[in-house]
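Order of the sequence lines fixes the chain letters, A, B, ..., with proteins taken first and strands second; residue numbering starts at 1 for each chain.
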2 protein chains.
Amino acid sequence: MKTKNKVITIDGIDKKILRALMADARTPILEIARNVGISGAAIHQRLRKLEKAKLITGSKFIIDPKVLGYTTMAFMGLYLDNSVNNETIFRELKKIPEVVECHYTTGQWNIFIKVLCYNNEHVMHLLNNKIQTIVGVLRTETLISLDKQIDRQIKI
Amino acid sequence: MKTKNKVITIDGIDKKILRALMADARTPILEIARNVGISGAAIHQRLRKLEKAKLITGSKFIIDPKVLGYTTMAFMGLYLDNSVNNETIFRELKKIPEVVECHYTTGQWNIFIKVLCYNNEHVMHLLNNKIQTIVGVLRTETLISLDKQIDRQIKI
DNA sequence: AGTGAAAGTGGATGTGG
DNA sequence: CCACATCCACTTTCACT
């Protein structure tokens, strides 16, 4: 069990700062300062506060996997053998670079993952040679994402 | 139909640059320059090349929704009425801030979405008052993510 | 919480190899 | 493709309010 995270409240200025940086992590602090009408140093303090509260967990360049040839996104539901420890499965899944998300879920499957592949053949290979060979994985179901229409963070 | 994206190849230096910036979008270019052993100006040129190729699609501050109280993540599979246009559904879903991902998928459902909620009650409210009221949505199935173990970008 | 100033660093660009 | 040099803008910190 993880320790409980405190829920924090943020004001309008924090929201403006976050919205700017969530849209573009390299937005100059001074530019934000000019837009919200306070000094750069004040923005700094607020950012430190937000980082300390762990609301900001980092910043990332976002790349488009399609440009590297990863044109096929798929979701897979995994049925597991009751006798196997989830942690073992997670450890194996983390080793597979194509697996970009992994959830322990309610419902028909035990584990639900998102994968990125070059094409359907790659999906097949991944299933046969990587996923299905993990000890404890009994059966899988695959959904192909034909079109990703929304992909965003929670609205601030 | 979108226009076809060209698949590009990147060399070892590009990979190092991308890995640094994918981990932390605010990594100074000069720091990367020192690490890979070429000048800052060269890094600049390569970044422009990668942006031009649309491999880099932007940069974002990543926030942890849990700290704002969004402790419940769920996936929902939507069954649609054949007579309704998908675009109409996408448009409605985009208006719902809790919906952070939306895919048109193969398999039992027509549309598959990811949502962020405060709690199970919020999930229920979302289903009853937002999702199920969209014209064309016949039925839904919901999976709750009890634990997110992996959430990353494709490995470079 | 916020300001303002000061010192250091980094971003961006043009010239030339 | 890359280095070097330059200029300007931005980050970061601190004393003060």
Nearest-Å distance for atom pair NE2/C1', residues A/His44 and C/dG4: 14 Å
Hey, does the side chain of A/Asp151 reach the backbone of B/Glu101 with a donor-acceptor pair shorter than 3.5 angstrom? no
For A/Ile8, which residues count as a side chain to side chain contact (heavy atoms under 4.5 Å, CB included) partner, sequence neighbours excluded? A/Ile10, A/Leu50, A/Ala53, A/Leu55, B/Val67
Let's go through B/Arg46 and B/Asp11 carefully: what are the C-alpha distance in whole Å and the side-chain angles of both, what is the deciding distance for salt bridge (Lys or Arg N to Asp or Glu O under 4.0 Å) to 0.1 Å, and is it a yes or a no? CA-CA 10 Å; B/Arg46 282 169 175 270; B/Asp11 68 11; 2.9 Å; yes
Above 12 or not: heavy atoms from other molecules or residues under 6.0 Å from CG of B/Asn85? yes
D/dT12 phosphate, OP1 or OP2: any side-chain N/O from A/Arg48 under 4.0 angstrom? no
Minimal non-hydrogen separation, B/Ile111 against B/Tyr104, with atom names: CG1-CD1, 4.4 Å
According to side chain to side chain contact (heavy atoms under 4.5 Å, CB included), who are the partners of B/Asp81, at least two apart in sequence or on a separate chain? B/Ser83, B/Val84, B/Leu138
If the condition is ring-ring contact (aromatic ring centres under 6.0 Å, His included), which residues does A/Phe75 pass it with, not counting sequence neighbours? A/Phe112, B/His103, B/Phe112
A/Phe61 and side chain to side chain contact (heavy atoms under 4.5 Å, CB included): which partner among B/Asp24, B/Thr57, B/Leu21, B/Thr27? B/Leu21
Is there a path of hydrophobic side-chain contacts, each under 4.5 Å between heavy atoms, that joins B/Tyr118 and B/Val115? no
Dump the pairs, protein N or O against N or O of nucleotides 2-5 of chain D, anything under 3.5 Å, distances to one decimal.
residue	atom	partner	partner atom	Å
D/dC2	OP1	B/Arg46	NH2	2.9
D/dC2	OP2	B/Arg46	NE	2.9
D/dC2	OP2	B/Arg46	NH2	3.4
D/dC2	N4	B/Gln45	NE2	3.4
D/dA3	OP2	B/Ser39	N	2.6
D/dA3	OP2	B/Ser39	OG	3.0

To the nearest 10°, let me know how far the axis at one end of the helix from C/dA1-D/dT17 to C/dG17-D/dC1 is tilted from the axis at the other, five pairs an end. 40°
Which residues within residues 24-34 of chain A lie with some heavy atom under 4.0 Å of an atom in DNA chain D? A/Pro28, A/Ile29, A/Leu30, A/Arg34
Apply side-chain hydrogen bond (donor to acceptor under 3.5 Å, both in side chains) to A/Tyr79 and A/Glu141, showing your working. CA-CA 9 Å; A/Tyr79 294 92; A/Glu141 280 173 23; 2.9 Å; yes
